[in-house]
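Worksheet: one structure, shown below.
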Amino acid sequence: MSLGDDIGERLREAACVGDLVLISKLESQGVDINSKNTVNGWTALHWACKRNHGSVVKYLLEKGADKAAQSNDGLIPAQLTSNEEIRQMLGASQEIPTKIVQLPITPNYLSHPPFPYTTKDSTQVNSNSSVMNASTKSQEMTSCHKVNNHLETQNEELVLKARIANSDERDFIEVELSLSTLTFTSLINLLCAELGVDKNLVAKIRKLPDTIVRKDKDVRRLKDFQELELVLTNKAMSSASRTYCLGPARNAETILY
């Protein structure tokens, strides 16, 4: 299976179990929203409709999902849902009937879905049924509400706190590192620009209280609001003048010597 097929399958699995967070992550990574399963030709939208995940259907449509995409059996997503609201989102007319599709097998991600999409309720209807019991439906609505709130507030940046080690200014400033460039080079360039430091005068980056950041893998382990220090070389620290400006907000971006 190629990388494209693998990420496409992860998208369809996420749509099947209603995992909006993973769907959003995969979409940001450039997954083909309309990628099809090679066996049955189903897209993520087919699965979202089959499982009656209204919030997932809405999101996929907003991201360009093809509501006219046909499976290998000629089925379009609207034919797989029993939810009238979803049918309206898809613009399905009365002439497009809902079809009961019996799956030849039960995929592992349906029989053993990841937390928090698991349930201990033995009466939960299986994947071949379009009806959900009241308890499961309520749980899904609550989960989708939380996910939607998360999607509205999440961003594509890692917020870090930074300062220069051993300087008179002990306060931190907050800087934002793009999640698409979590590399050591990007980090040191960002810190030097925001703190107004010549990169050649940096001895190391310290993750407080006592850990050195050395490589890309270390950067990817950083969490929001992690405290970092730029430790300068002996040459910089022995200079007679150590008036360090802290970012463009103070209209100066250089070390003064």
Side-chain angles (χ1 to χ4, degrees), residues 3-4 6-8 10-11 13-15 18-33 44 55-56 58-65 114-116 143-165 167 169-232 244-255:
L3 180 60
D6 182 63
I7 192 173
R10 289 185 64 199
L11 174 68
E13 291 178 10
D19 189 346
L20 260 177
V21 173
L22 179 55
I23 292 172
S24 175
K25 179 180 178 181
L26 294 174
E27 193 277 330
S28 69
Q29 294 175 353
V31 67
D32 180 4
I33 288 292
S55 57
V56 175
K58 181 176 184 294
Y59 181 84
L60 291 173
L61 290 175
E62 291 174 350
K63 295 301 180 180
F115 181 85
S143 175
C144 287
H145 177 70
K146 292 179 179 179
V147 168
N148 284 332
N149 286 342
H150 174 74
L151 288 174
E152 291 174 0
T153 57
Q154 73 176 3
N155 55 45
E156 298 299 325
E157 297 174 331
L158 181 66
V159 180
L160 304 169
K161 299 173 67 175
R163 70 183 181 188
I164 299 173
S167 71
E169 178 59 78
R170 303 303 297 158
D171 290 336
F172 290 91
I173 64 170
E174 291 185 355
V175 298
E176 295 79 34
L177 180 64
S178 173
L179 294 180
S180 64
T181 56
L182 291 179
T183 64
F184 181 82
T185 299
S186 297
L187 176 63
I188 193 169
N189 286 341
L190 172 68
L191 295 181
C192 288
E194 293 286 348
L195 293 171
V197 174
D198 184 340
K199 186 165 64 173
N200 295 321
L201 298 177
V202 176
K204 59 187 175 183
I205 299 175
R206 176 187 295 134
K207 180 173 72 173
L208 295 181
D210 55 10
T211 303
I212 297 175
V213 179
R214 302 173 299 156
K215 50 193 176 182
D216 293 351
K217 185 180 294 186
D218 298 337
V219 176
R220 291 194 293 269
R221 282 195 286 262
L222 296 177
K223 305 297 183 181
D224 270 332
F225 302 105
Q226 172 65 57
E227 296 181 348
L228 301 173
E229 286 186 337
L230 281 184
V231 181
L232 304 187
Y244 305 112
C245 58
L246 295 180
R250 300 193 181 183
N251 299 319
E253 296 186 358
T254 57
I255 298 180

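What you see is a predicted model, and the numbers here were worked out from it, not measured in a lab.
- Taking both residues in full, the closest heavy atoms of Arg170 and Ile164 are given as NH1-O, 4.3 Å, listed atom of the first, atom of the second, then distance.
- Across every non-hydrogen atom of Ala14 and Leu22, the tightest pair is CB-CD2, 3.8 Å.
- The shortest non-hydrogen separation linking Val56 to Gly18 is CG2-CA, 3.8 Å.
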| query | Does the side-chain contact (heavy atoms from CB on, under 4.5 Å) test come out yes or no for Leu11 and Ile7, once each step is laid out? | reply | CA-CA 6 Å; Leu11 174 68; Ile7 192 173; over 6 Å; no

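- When every heavy atom of Ala44 is checked against every heavy atom of Ala15, the shortest pair comes out as O-CB, 3.4 Å.
- Side-chain atoms of Val213 and Val219, non-hydrogen and from C-beta on, do get closer than 4.5 Å to each other.
- Here the CG-CG distance, from Leu190 to Leu195, works out to 8.5 Å after rounding to the nearest 0.5 Å.
- Between Asp224 and Val159 the shortest heavy-atom distance is OD1-N, 2.8 Å.
- Ser178 is linked by a side chain to side chain donor-acceptor pair (under 3.5 Å) to Ser180, counting only residues two or more places apart in sequence or in another chain.
- If you take OG1 on Thr211 and CD on Gln226, they are separated by 8.0 Å, rounding to the nearest 0.5 Å.
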| message | The test is side-chain contact (heavy atoms from CB on, under 4.5 Å); show your working for Leu187 and Leu160 and say whether it passes. | response | CA-CA 10 Å; Leu187 176 63; Leu160 304 169; 3.7 Å; yes

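- Every residue two or more places apart in sequence or in another chain that forms a side chain to side chain donor-acceptor pair (under 3.5 Å) with Arg221 is listed here: Asp218.
- Considering only heavy atoms from C-beta on, Gln29 comes within 4.5 Å of Leu26 through its side chain.
- With a 4.5 Å cut-off on side-chain heavy atoms, Leu182 and Asp216 do not count as touching.
- Looking only at side-chain heavy atoms (C-beta outward), Arg163 and Glu169 stay at 4.5 Å or farther from each other.
- Applying the side chain to side chain donor-acceptor pair (under 3.5 Å) test to Ser28 and every residue at least two apart in sequence or in another chain returns nothing.
- With sequence neighbours excluded, no residue satisfies salt bridge (Lys or Arg N to Asp or Glu O under 4.0 Å) with Glu174.
- Across Gly64 and Ile33, no two heavy atoms sit closer than the pair C-CG2, 4.4 Å.
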When the side chains of residues 199-210 are checked against the rest of the protein, which donor-acceptor pairs come out under 3.5 Å, sequence neighbours left out?
from	atom 1	to	atom 2	distance (Å)
Lys199	NZ	Asn189	OD1	3.0
Arg206	NH1	Glu229	OE1	2.8

| request: Kindly indicate, with the supporting measurements, whether the criterion side-chain contact (heavy atoms from CB on, under 4.5 Å) is fulfilled by Val175 and Leu228. | output: CA-CA 10 Å; Val175 298; Leu228 301 173; over 6 Å; no

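- To the nearest 0.5 Å, the span separating NZ on Lys25 from CD1 on Ile23 amounts to 13.5 Å.
- With sequence neighbours left out, the side chain to side chain donor-acceptor pair (under 3.5 Å) criterion links Thr183 to Ser186.
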